Each structure stands twice: as structure tokens, then as C-alpha cells.
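Take a look at the structure set out below.
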Amino acid sequence: MTGYGTSLTTQNLKVYKALIDGKSCGASSGETLDMICPSTGFPFATIPRCSAADVGKAVSAAKAAMDAPEWVRLSAGERGARLLKLAELIDENKDKLAQLEARDTGKPLAQGYGDIEAAIQYFRFYGGAADKVMGDTLPIAVDYLALTVREPHGVIASIIPWNYPMQIFARVAGAALAMGNTLVVKPSEDACLSIIETAHLALEAGFPAGTINILTGLGEEAGAALSYNPEIDYITFTGSPDVGTMIQSAAARNHIGCTLELGGKSPQIVFEDADLSKALPIIQECLLKNGGQTCSAGSRALIHQSRWEEAIETLRTGFRSVVAGRFQDDRDLGPLINASQLRRVKAFCETAEQDGIPLIGEGTIAPDAPTEGYYTTAKVFGPVPADHQLAQEEVFGPVLSLIPFRTEEEAIRIANGTPYGLVAGIWTKDLSRATRVAKAMRSGQVFVNTYGAGGGIELPFGGVKKSGHGREKGFAALKEFSVLKTIVMNHA
Ligand code: NAD
């Protein structure tokens with residue numbers, strides 16, 4: 001990887017550019033934003049601060065690309081071959097991309113590698129799937145042939161958060177391009193560099209200019225202008241529920257569809273017969289992954305009263321062993337993404353302590369972690385009242401809430417008793433109970449005796465209630481990023 005279109009400023013900050021119509025470019029205003037390394041708290045790169053004028057250019061480029069013969073005349077198999085080539089190029093550049101992702105987001109390096117590996121798998125999956133999407137023939141009447149075909153929406157706007165830039169870009173771009181759409185992507189101002197690099201690799205893989213455009217900048221500027229642009233045909237948004245509400249109203253104004261992947265407060269239910277030696281390490285790991293900044297983090301563990309003491313002793317020991325440190329030191333925990341996220345997480349913990357909720361266990365911060373970095377300790381609290389803020393709201397940090405329960409009915413009521421519904425985990429050896437409870441969960445995914453926060457490229461993913469609507473990942477995304485057309489022919 002060459003560090004496409006980059007140079008250095010006088011302060012030695014690497015200069016990244018937006019990508020519009022296959023060309024690297026700055027914002028039309030010439031303004032830039034600093035990219036801060038969460039591990040140090042200091043800038044290490046700059047990105048263009050794109051505005052509505054740049055959005056207009058990017059959408060026009062994507063619209064023109066949608067009609068260009070070099071894209072329209074590609075067969076599904078040829079689009080798939082380019083996605084497979086892109087997977088190969090990412091694999092060749094894995095080390096640099098993983099370093100960049102970890103530096104940009106603060107996640108421990110091994111998790112940066114995990115994200116790049118997942119991105120490769122997304123592009124392989126959708127590369128292979130591109131020519132396997134089929135319609136139906138419909139037996140309506142004699143002398144008629146009726147069939148359905150799947151067609152691209154057209155220009156898809158994709159707005160991406162900072163927690164998993166590479167993975168979310170790959171899951172959107174893989175499926176959207178497989179179906180023949182073109183893309184205008186607005187990644188997060190907090191972490192977006194791996195997406196810029198990968199979009200350049202996509203050009204190298206043979207995607208024509210304009211099929212993938214990357215607009216860097218602020219949400220309320222570039223993001224808002226993109227969501228309201230009347231030339232886009234569909235929006236997919238991953239981020240917070242508040243911004244999700246704005247995106248949906250922007251989509252409504254243009255009479256287009258949208259997919260919303262929003263937050264979560266996912267429960268892990270540990271029944272009295274659960275294998276705690278298996279359940280608790282997975283519950284801890286899946287909460288702490290990416291510093292708890294995962295929409296599908298199992299941030300509430302519901303523990304049966306009979307296993308409470310055993311569970312809190314194990315989790316106390318587990319959390320005490322967690323050390324937060326710089327991304328390159330690859331400890332259990334990195335820093336949080338930015339100063340405001342750090343303040344938010346600390347405020348949740350302070351309120352919990354003021355409200356008398358016991359802190360069961362807490363990790364440490366490595367002595368060599370830079371003081372300006374956005375570090376916090378891993379914490380486990382309990383018992384947390386099921387209606388307390390800590391058990392209801394998305395903290396998006398390394399904080400686990402433990403909630404005791406006595407009966408299956410009570411567990412179901414608590415598990416479903418938040419505004420969110422993204423993922424649920426069930427730990428029990430009783431197959432009948434596992435089935436009953438899985439069916440009772442109001443969530444987009446349920447895991448039994450395992451948990452897949454963020455994992456499983458093949459698994460349809462998305463929420464209900466305040467967690468959003470629509471599905472990405474797996475074959476479900478190919479339907480989401482296409483429209484069904486019905487054709488009826490009379491051949492009498
Ligand atoms: P955010 O909503 O603040 O930002 C997400 C994206 O939206 C960013 O690119 C941002 O620039 C843009 N944006 C902000 N304001 C905008 C506006 N007015 N118009 C258009 N775009 C705008 O979220 P975040 O803080 O980056 O991410 C954290 C949130 O994302 C959490 O709530 C988390 O649960 C959620 N999330 C959900 C999933 C999922 O798949 N369900 C995955 C990752 C993160």
C-alpha cells in the first residue's frame with residue numbers, strides 16, 4: 001500500500017484526501033480536520049472537511065457512474081471478480097491496514113488485524129455471491145410468463161461510525177457493489193483512514209471511477225448534506241439512535257428507503273444450569289472487545305440468583321486482570337475513541353457510584369499509557385437495578401452491569417425491558433428453555449451458549465425497536481441493497 005494521495009504537513013501530519021470520481025481531492029473550502037490518535041491524544045493526520053458542495057460533486061459522480069457502460073455492462077460475475085480481487089489486495093496490505101485501523105480507532109493491534117480479516121471475508125463472500133442472486137417465475141395464468149428480477153437501487157449513501165470503520169465499510173460496499181449500485185460513503189470524522197486506503201485499492205481492483213466515492217468531514221455538514229441530497233436512491237446508516245432519527249426523516253423527505261443500524265443494550269442471560277467456566281470468559285471478552293464500543297456488546301449480564309456469588313467472584317478476578325494500554329502494546333483494552341466518549345463513560349460510572357451501586361471489580365491503566373490518551377479502566381457493577389440508567393442506556397465503554405434474577409419469566413422481562421433490541425445471549429444446558437427464551441427475545445439475533453458480538457459475516461444482522469431496522473451481512477444484505485421488479489409477458 002502506498003499511502004494513496006497522502007503527503008505530510010509542516011507538523012508531520014499525514015494528509016489524507018477525499019475520493020471523488022476516482023480522484024483524490026481536498027475539500028472545496030480547502031479546510032481540513034485533524035485526526036487524533038486516541039492512544040496519545042495528539043493529531044497524526046488530517047482529512048478534508050467536505051461540505052455540501054463536495055457532496056454534490058460526489059453524488060453526481062456516483063450517478064454518472066451508475067449509467068456508464070463500464071459499470072452497467074459488467075455482468076454480476078464480473079462485479080464479483082472485482083470484489084474478489086479487492087479482497088486479495090486488502091490481504092496483501094493487511095499489516096499496514098491493521099496498523100492504521102488500530103492507530104485511528106485506538107483498538108488493540110490484534111483487534112485491528114481481526115477487523116481487516118473480517119473485511120477480506122466480506123469482500124470474498126460478496127464476490128462469490130454476486131452472481132448467485134436469483135428471481136422467481138410466477139405461475140399466474142396460461143399464455144403468460146411472469147418473473148421477478150433484482151435490480152440495484154442506484155446511488156447508495158452510506159454513513160459509517162468510528163468503531164468498526166473497515167468492517168462496516170466492507171459489509172456495505174461488498175453487498176452494494178455486488179448488486180450493481182454505486183456508493184457515496186461518509187465515514188466518521190473520528191476514524192476513517194482505512195476506508196480511504198481501501199477505496200483506492202478498489203480502483204486498483206478494477207472498480208470504475210465514480211463507483212465508490214469517499215467524503216470525509218463532519219456529520220452535521222457532509223453527513224447531513226449527503227442524507228438530504230435528492231439524487232441519492234437509498235441510505236444505509238450505522239450510528240447513534242439520535243442521528244438515525246434525522247436520517248430516517250431525510251430519507252422520508254426524498255421518498256427513499258433506508259437501513260438503520262443503531263445501538264444496543266444487549267442481554268446475556270445466565271441460567272442456573274449454565275456452564276460458567278464457558279459463559280463468563282466469553283461474556284467478559286465480548287463486552288471488552290473494542291473497549292465496549294460495540295453496538296452488539298453484551299453489556300448486561302443477567303445472572304440467576306443461585307449462581308450470583310460464583311459469577312461475581314469470577315468476574316471480579318477477570319476484570320481486575322484487565323489492563324488498558326496503547327494500541328501497539330496490544331493489551332486487553334485500548335483507549336476510548338475521544339475525550340467526549342471518555343467523559344460520557346466516566347459520567348455513567350460516577351452516577352452509578354453516587355446511586356450506591358456496588359463496583360464489583362475494576363481493571364487498571366498501564367503505567368506507560370500516555371496521560372493525554374483517552375484511557376479508562378474496565379469495570380463491572382452489580383447488582384444493578386433493571387430500571388437504572390446503567391442497565392437501560394448504551395454506555396459504549398468497558399462497563400458491564402450485572403442483574404440478578406430468579407425465574408425464566410423474570411429474565412425474559414428484564415432482557416426485553418430496554419428500548420433496544422439488537423442481540424441476546426442465552427446460557428443454559430436445557431434445550432427446551434433455550435428454544436423458549438430464544439423465541440421470546442425481542443432482538444435481531446440470539447446466540448445460545450455462545451455470543452457473536454460483531455462476528456459472523458454470513459449472519460443477517462440488525463435490530464428491532466430503537467436498535468433500528470433493515471438487515472445487513474449475509475445474503476440478507478443483497479436483498480436490502482436491491483429492488484424487486486416484476487415482469488409479466490403475454491406470449492399468446
Ligand atoms: P454518530 O451517530 O454520532 O455518528 C455516526 C456517523 O453519522 C458518523 O459518520 C457521523 O459523522 C455521522 N453524523 C453525525 N451527525 C450527522 C447528521 N446530522 N447527519 C448525517 N450524518 C451525521 O455515532 P458514533 O458516535 O459515530 O457511533 C456510535 C453509535 O453507533 C453507537 O450508538 C453505536 O451503538 C452505533 N453503532 C451501531 C452499529 C450497528 O450495526 N447497529 C454498529 C456500530 C455502531
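All values derive from a computational prediction rather than experimental measurement. Just so you know, ligand 1 is whichever comes first in the structure, and atom 1 is the first atom listed for that ligand. Just so it is clear, the values below take in all heavy atoms, side chains as well, and ignore hydrogens, waters and symmetry mates.
Atom numbering of ligand 1 starts at 1 in the shown order; those under 4.0 Å from a heavy atom of Gly223 are 19 (N), 20 (C), 21 (N). Set against the non-hydrogen atoms of Ile247, the atoms of ligand 1 under 4.0 Å away are 20 (C). Proximity to Gly263 (heavy-atom distance under 4.0 Å) selects the following atoms of ligand 1: 34 (O). Close contacts between ligand 1 and Lys186 involve ligand atoms 9 (O), 10 (C), 11 (O) [criterion: under 4.0 Å to a heavy atom]. Near Phe396, meaning under 4.0 Å from any of its heavy atoms, are these atoms of ligand 1: 28 (C), 31 (C), 33 (C), 34 (O). Residue contact check: Ala224 has heavy atoms under 4.0 Å from atoms 19 (N), 20 (C) of ligand 1.
Residue Arg171 touches ligand 1 through its side chain alone, judged by heavy-atom distances below 4.0 Å. Looking at Pro187 against ligand 1, only its backbone comes within 4.0 Å, counting heavy atoms. For Phe237, every heavy-atom contact with ligand 1 shorter than 4.0 Å involves the side chain, none the backbone. Of all the heavy atoms of Met246, the ones lying under 4.0 Å from any atom of ligand 1 belong exclusively to the side chain. For Thr294, no heavy-atom contact with ligand 1 is shorter than 4.0 Å.
Ser28 and Asp54 share a donor-acceptor pair across their side chains, judged by distance under 3.5 Å alone. Between the side chains of Tyr234 and Asn181, no donor-acceptor pair of N or O atoms lies under 3.5 Å. Remark: the Thr105 side chain and the Tyr164 side chain contain no N/O donor-acceptor pair separated by less than 3.5 Å. Side chains of Thr259 and Glu480: a donor-acceptor N/O pair is present below 3.5 angstrom, by distance only. With 3.5 Å as the limit, one finds no donor-acceptor pair spanning the side chains of Ser39 and Arg326. For the residue pair Thr40 and Glu372, no side-chain donor N or O sits within less than 3.5 Å of a side-chain acceptor on the partner.
The protein atom (non-hydrogen) at minimum distance from atom 12 (C) of ligand 1 is Ile159 CG2, 3.6 Å. Nearest protein heavy-atom contact of atom 24 (P) of ligand 1 is Trp162 NE1, 3.3 Å. Looking only at heavy atoms of the protein, atom 13 (N) of ligand 1 is closest to Gly219 CA, 3.3 Å. Of the protein's non-hydrogen atoms, the one nearest atom 38 (C) of ligand 1 is Cys295 SG, 2.9 Å. Regarding atom 41 (N) of ligand 1, its nearest protein heavy-atom neighbour is Leu262 O, 2.6 Å. Nearest non-hydrogen protein atom to atom 44 (C) of ligand 1 is Asn163 ND2, 3.1 Å.
Checked against a 3.5 angstrom limit, the closest N/O atoms of Glu189 and ligand 1 fall inside it. At least one N/O-N/O distance between Glu394 and ligand 1 falls below 3.5 Å. Checked against a 3.5 angstrom limit, the closest N/O atoms of Ser240 and ligand 1 fall inside it. In terms of polar-atom proximity, defined here as any N/O pair under 3.5 Å, Leu218 makes no such contact with ligand 1. Between Ile160 and ligand 1, a contact under 3.5 Å exists for at least one N or O pair. Backbone and side-chain nitrogen or oxygen atoms of Gly239 are examined, and one is located within less than 3.5 angstrom of a nitrogen or oxygen of ligand 1.
Here the straight-line distance linking atom CG of Leu288 with atom CZ of Phe319 works out to 4.5 Å at 0.5 Å rounding.
When distances from atom 21 (N) of ligand 1 to the protein are checked, a heavy atom turns up under 4.0 Å.
The one candidate from Thr238, Ile247, Val243 that meets the side chain to side chain contact (heavy atoms under 4.5 Å, CB included) condition with Leu260 is Ile247.
Ring centroids of Phe169 and Trp162 are separated by 6.0 Å or more, keeping the two rings apart.
A cation-pi arrangement is not found for Lys186 relative to Phe237, the charged atom failing to lie both closer than 6.0 Å to the ring centre and inside a 45° cone about the ring normal. Relative to the six-membered ring of Tyr420, Lys265 misses at least one condition, a distance below 6.0 Å or an angle of at most 45° to the axis.
Inter-residue side-chain proximity for Leu287 and Gln268 is flagged as unmet; no heavy-atom pair is nearer than 4.5 Å.
Contact analysis leaves Tyr164 out of contact with ligand 1, as no non-hydrogen atom separation drops below 4.0 angstrom. Under a 4.0 angstrom heavy-atom cut-off, Leu226 registers as lying outside contact with ligand 1.
With a 6.0 Å radius and a threshold of 12 heavy atoms from other residues, nucleotides or ligands, Arg150 has its CZ atom above the threshold.
When Val243, Thr216, Thr238 are checked for heavy-atom proximity to atom 5 (C) of ligand 1, Thr238 turns out nearest.
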#### Entry: salt bridge (Lys or Arg N to Asp or Glu O under 4.0 Å) assessment of Glu189 paired with Arg49
CA-CA 9 Å; Glu189 53 272 41; Arg49 180 175 170 171; over 6 Å; no

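Heavy-atom minimum distance, Tyr126 versus Ala477: OH-CB, 3.5 Å.
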